[in-house]
There are 2 protein chains.
Amino acid sequence: MSAPAGTQQGTRPGGRSAQKRAAVHRAVAELLAEQADLTLPVVAARAGVHPTTLYRRWGSVGDLLADVATSRFTGEVVVPDTGSLRADLERWAADVATDVSDPDVLMLMRAAVGAGESGACACRGDREEQLAALLDRERARGGRPPTVARAAEVLLGAIYYRAIFTETPGTPEWARGLVEVLLPS
Amino acid sequence: MSAPAGTQQGTRPGGRSAQKRAAVHRAVAELLAEQADLTLPVVAARAGVHPTTLYRRWGSVGDLLADVATSRFTGEVVVPDTGSLRADLERWAADVATDVSDPDVLMLMRAAVGAGESGACACRGDREEQLAALLDRERARGGRPPTVARAAEVLLGAIYYRAIFTETPGTPEWARGLVEVLLPS
DNA sequence: CCACGCTCGCAATGATCGTTGCGTTAGTGC
DNA sequence: GCACTAACGCAACGATCATTGCGAGCGTGG
């Protein structure tokens, strides 16, 4: 919530806080993977940090989850640039599908969504921005790509839908095929 | 989890249990709308039921939420039948979008998703079956509609995506426009 | 090098949660 | 109408959670 984006955070980027924060994030990821019910004391114990610290810094499990989700889903991703919009989208979609088919990532997403609107929105991360970059490049090339909103709805929508609301997340191949819906040949 | 589908449930459909169950479901909906943190004792107090009953019948907040979600999202919905696949889909999509744009419904969905896979899947309800009915009718008519999976991914995917992962759920008009992606003219 | 301030650890407290054994009430079948 | 079973209410218990005041440690700036 208070972190910009990178590995470190906040007021004192180089210090002890950042290490604690990283430990806590790691602990959350671990516990999430173990299906343990997330609670601040439990996270604290796992992270080797005093519970008070968590209550002070984050206040609630929801805020902590939102924080973890943002730092997990927003990061420097190499946006594909093959020269062809279709190929770029296919590759991007496959990458996203691969990412969210990881059970641990799924757990994080579900928990973040359950934490409320902020946590849910954090799960988008900067993926719409990545999409925008792809589409802008196509527009600069002289093409007429769909809008970012439309692309996000169709691609991210379908990928997230299968990941979250069904038992079978989509495969990368399936995600590639999705581009066909957006860009009819 | 133990209920078939209808208003009542389980072993003794006509009895006291069903009333308690209804009261509990109502309480969950209320508390969800109030942003209160859902916990079994709290739900029990609101429902005028003893906490023990909840622990025995559902065991955990997750199971309770999954139960509430299933009974909320699966029900006798009048599947549109206008004679035209496109019109049917547009109307159906608009109905779904209207439904999930209700803040209370949104809260329920987020909470159910956070409760785990079963809760998340419960949010689909029987909407894919409704979709299947629409598409089958078109096939019987001699048309070649998309598969149920593809239709669900695109339509439900986009609608749910905007509802859950963004601050602005889609409007019915927007949802209608979504059909154009699935059925290019 | 030193003083300031932010962050963390520590300990104690009240509140709430989740569980279990037992008695009672309500619904079902003969 | 009567016995049986299932579901519920009740009360206790231990465990865990969430909060607060205080002191110490680490990083930053003069």
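Naming convention: chains lettered A, B, ... in sequence-line order (proteins, then strands); numbering from 1 in each chain.
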Select from T52(A) and V42(A) the residue whose nearest nucleotide in DNA chain D is closer to the 5' end of that strand. V42(A)
Between [N] ([atom2]) and [X] ([atom1]): distance, integer Å:
{"X": "H50(B)", "N": "dT25(C)", "atom1": "NE2", "atom2": "C1'", "result": "15 Å"}
{"X": "D63(A)", "N": "dA18(D)", "atom1": "CG", "atom2": "P", "result": "13 Å"}
{"X": "Q19(A)", "N": "dG25(D)", "atom1": "CD", "atom2": "C1'", "result": "14 Å"}

Does [X] make a side-chain N or O approach to OP1 or OP2 of [N] shorter than 4.0 Å?
{"X": "T53(A)", "N": "dT7(C)", "answer": "no"}
{"X": "Y55(B)", "N": "dT19(C)", "answer": "no"}
{"X": "K20(B)", "N": "dA26(C)", "answer": "no"}

Is it true that atom CZ of R176(B) has more than 12 heavy atoms of other residues, nucleotides or ligands lying nearer than 6.0 Å? yes
Count the heavy atoms of every other residue, nucleotide or ligand shown that sit under 6.0 Å from CZ of R91(B), and state whether that count exceeds 12. no
All heavy atoms of P169(A) vs all of R162(A), minimum pair found to be O-NH2, 3.4 Å
For R56(B) and V61(B), find the nucleotide of DNA chain C closest to each by heavy atoms; which residue's nucleotide sits nearer the 5' end? V61(B)
R21(B) side chain near R57(B) side chain, heavy-atom distance below 4.5 Å: yes
